[in-house]
Amino acid sequence: MSANRFFATGNFFTDYRQEQRIFRTHLDRGLFVVFLACLFAWPLFFDASNRTMLVINNILIAVVAVYGLNLVTGFAGLISIGHAAFVGVGAYTVAGLARAIGASHPLIVHWWPLMILAAGGMGAVFGAFVGLPAMRLKHLYLAIATLSFQMIFTWTIQFMPTFNQGQMIPVGRVAWIGGTVGRKDHYFFWYYVILVVAVVCGLAVRNLLRSRYGRCLVAVRDNDRAADAMGMHPGLTKVYAFTLAGFFAGVAGALHTYMFRGAGFESFTLHHSITYLAMAIVGGLGTLPGSLLGPAAIYTLELEMERLSEWSGAFLPDSLNLATALRPLGFGLVIVLFLMFEPRGMANWWRICRSYVKLWPFRY
Amino acid sequence: MTYFLQLVISGIVVGSIYALSALGFVLVYKSSRVLNIAHGQIIAGGAFIVYALTVFAGLPIYISFVASMVITFFLAMSVERIFLRRLIGEPIISVIMVTIGLMSILNGVIYLTPFGSLNYSFPEFLPTTPISLGGVSISWTQMVGVVITALLIGAFSWFFKRSTIGISMRAVSDDQFAAMSVGISVPRVFGLAWAMAGLSAAAAGTIIGNITGLNFETLGAFGITVFPVVILGGLDSIIGAVVAGIIMGLIQQFAAGYLDGNWGLNGTADVLPYIILLVILLFKPHGLFGTHEIERV
């Protein structure tokens with residue numbers, strides 16, 4: 001074993017504490033700190049347009065949501081085809097309350113951090129409820145349970161007058177030190193809020209996975225009978241995975257509502273659930289960096305396809321509906337191709353690069 | 001009373017369509033344990049092929065109906081060959097996700113055709129005056145649809161019970177290793193199961209299209225609506241699909257007939273099946289006729 005961990009040819013852990021460290025190497029920690037500093041600093045130096053900020057905020061919200069999906073699908077191995085509905089539960093916790101007590105009620109505009117947490121709690125409650133069949137059933141049936149929750153959610157929002165029948169419910173501008181956050185600073189302000197939430201949630205997930213409560217998720221995924229024999233309760237663990245997923249989704253939903261200053265049902269349909277799944281798969285199921293890479297990749301893909309359909313719309317006949325066709329076609333192809341050729345996702349590419357450097361000049 | 005009977009009749013019509021759509025789904029699940037989420041898109045594709053052959057190519061509808069069944073037979077077989085064959089033995093989670101991706105791809109492909117956004121309806125080829133019996137009426141298209149559905153389901157049951165291929169399919173669904181050891185080619189059986197599912201999907205799509213008109217959203221939604229039906233009937237039971245299809249059709253019609261408009265409710269027919277689905281999953285997850293797997297978590 002080399003003294004320099006970067007040149008080591010494998011993991012030579014000699015005690016559990018080494019294995020449970022958040023960062024394996026100093027290089028990892030250094031890269032993370034630099035990356036984080038860049039994320040926090042860049043808006044101060046570059047004057048980004050609102051459009052760019054909107055896209056970046058969207059990506060970060062998706063990152064928070066995908067943490068949840070990754071916990072339930074990647075780490076616990078249970079497919080959720082209704083993740084957008086859990087995000088919607090969080091969004092509508094805020095929006096529904098805003099409709100009930102007024103869009104600019106102090107509870108909404110002054111106590112918004114509390115509202116974000118409450119939305120997460122609400123998401124967790126719904127997650128636990130949908131995960132209940134997990135006490136008896138295996139993944140296949142669970143996928144169907146989440147799917148039906150998605151359908152029930154969409155229906156509830158669309159037909160209930162309480163939720164304005166799916167129309168946009170406005171939410172007021174929030175207050176911060178020095179008054180209300182105005183139109184000019186809106187995306188800038190929410191960029192920092194969402195970034196802080198995303199980083200805190202990411203560290204929380206990483207820490208969770210070091211503890212026994214995170215490891216039991218992985219154990220149940222890998223072999224639930226063995227996990228049972230070692231004293232874990234597979235059914236309860238699965239319900240707990242769904243609860244966690246619901247929590248992260250709820251937080252993401254509340255952020256979504258605040259950032260768009262309202263909630264409408266069209267952001268939480270089955271199509272979005274599939275998009276979240278695509279993000280998790282492309283990023284890499286069961287990896288934390290994957291939750292960051294996936295949303296970024298999918299949003300980039302979406303933007304590029306929008307541009308492509310705009311560009312081709314100039315010389316293609318109107319009957320050829322390229323704009324609506326490209327989105328599902330692209331997502332489907334990305335999901336299928338990644339599953340067939342790179343099931344470990346983009347997070348694996350970093351591993352491949354690193355082992356290439358480590359082993360050079362020998363082939364892997 | 002007439003209202004009630006009318007609801008029963010339309011419930012049976014809708015239910016038989018559900019049964020036929022669920023049939024293809026059950027076929028795939030039964031033999032290969034794959035949850036085919038893209039089934040609705042295959043249904044829609046089959047219906048659009050019939051329309052294209054009838055209207056654009058000018059064939060008689062009977063011929064294009066059979067031709068579409070043949071085309072989707074090979075289409076579904078190639079889908080299995082290209083996408084799912086290489087995933088045999090992979091964890092079930094990635095197989096399900098591949099069908100989700102497949103659903104997305106087929107959506108995109110259909111959006112590329114003119115069928116993606118516009119509404120069409122089949123040319124009339126049956127008498128338009130409905131049959132009326134004591135105040136209860138049923139249109140000829142519905143009547144013929146139910147009859148064809150019954151015939152097809154009968155044919156499929158016979159095929160499974162008696163024919164060599166059907167028996168080998170049942171053998172594979174029972175025990176893959178045992179089936180392999182007596183010389184059944186398991187991959188070929190999977191391909192055939194998908195092909196049969198495609199065939200029944202085309203039939204279902206054509207019948208739905210004749211009754212309700214061709215709209216991609218409606219037809220594609222059948223792939224999702226089929227879930228409550230198959231869960232109620234038991235995921236791997238053909239008779240379950242038929243019974244549950246008709247029960248679901250009746251429930252939907254009664255909900256639309258009696259619940260909507262009262263107590264401020266609307267569109268209950270769309271949500272009730274899913275609520276029933278959740279309840280069944282909690283209390284009787286193997287459905288009415290499904291195999292009870294002893295394995296518990």
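Predicted, not measured: the structure shown is a model, and the values here were computed from it. In what follows, chains are A, B, ... by sequence order, proteins preceding strands, each numbered from 1.
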Report task. Would you give the length of the straight line joining atom CD1 of A/Ile152 to atom CG of B/Leu272, rounded to the nearest 0.5 angstrom? Result -> 9.5 Å
Query raised in the report: Which value, rounded to the nearest 0.5 Å, describes the distance between B/Leu102 atom CG and A/Leu339 atom CG?
Result: 11.5 Å
Query - Proximity breakdown for A/Leu337 and chain B, heavy-atom pairs closer than 4.5 Å - result: neither
Query - Beyond-backbone contact of B/Ile105 with A/Ile335, side-chain heavy atoms, under 4.5 angstrom - result: no
Report task. Could you look at B/Leu106 and say if it's the side chain, the backbone, both or neither that has a heavy atom under 4.5 Å from chain A? Result -> neither
**Report entry** A/Phe341 and B/Arg86, any side-chain heavy atoms less than 4.5 Å apart
**Finding:** yes
Query - Atom group of B/Phe227 that falls short of 4.5 Å from chain A, counting heavy atoms - result: side chain
Query raised in the report: chain B heavy atoms under 4.5 Å from A/Leu329: which part of the residue, side chain, backbone, both or neither?
Result: both
**Report entry** Atom pair CD1/CH2 of B/Ile275 and A/Trp155 - distance to nearest 0.5 Å
**Finding:** 6.5 Å
Query raised in the report: Are B/Asn107 and A/His271 side-chain neighbours, meaning at least one heavy-atom pair lies under 4.5 Å?
Result: no
Report summary line: Output for pair (A/Ser148 OG, B/Ile276 CD1), nearest 0.5 Å, gives 11.5 Å
**Report entry** Which atoms of A/Thr73 approach chain B - backbone, side chain, both or neither, heavy atom under 4.5 Å
**Finding:** both
Query raised in the report: So which part of B/Ile231 gets closer than 4.5 Å to some heavy atom of chain A, the side chain, the backbone, both or neither?
Result: side chain
Query raised in the report: Which answer fits A/Leu333, side chain, backbone, both or neither, if we ask what part of it has an atom under 4.5 Å from a heavy atom of chain B?
Result: both
Query raised in the report: Considering only heavy atoms, which portion of B/Leu277 lies under 4.5 Å from any heavy atom of chain A: side chain, backbone, both, or neither?
Result: side chain
Query - Portion of B/Leu235 that has a non-hydrogen atom of chain A nearer than 4.5 angstrom - result: side chain
Query raised in the report: Applying the side chain to side chain contact (heavy atoms under 4.5 Å, CB included) test to B/Met97, which of A/Ile274, A/Ile81, A/Leu285 qualifies?
Result: A/Leu285
Report summary line: CG (B/Leu281) and CG (A/Leu132) are apart, to the nearest 0.5 Å, by 11.5 Å
Requested in this report: Using a cut-off of under 4.5 Å on heavy-atom pairs, state which of B/Gly101, B/Ser94, B/Ser104 scores highest against chain A.
Outcome: B/Ser104
**Report entry** Sub-4.5 Å side-chain heavy-atom contact between B/Ile224 and A/Met151
**Finding:** yes
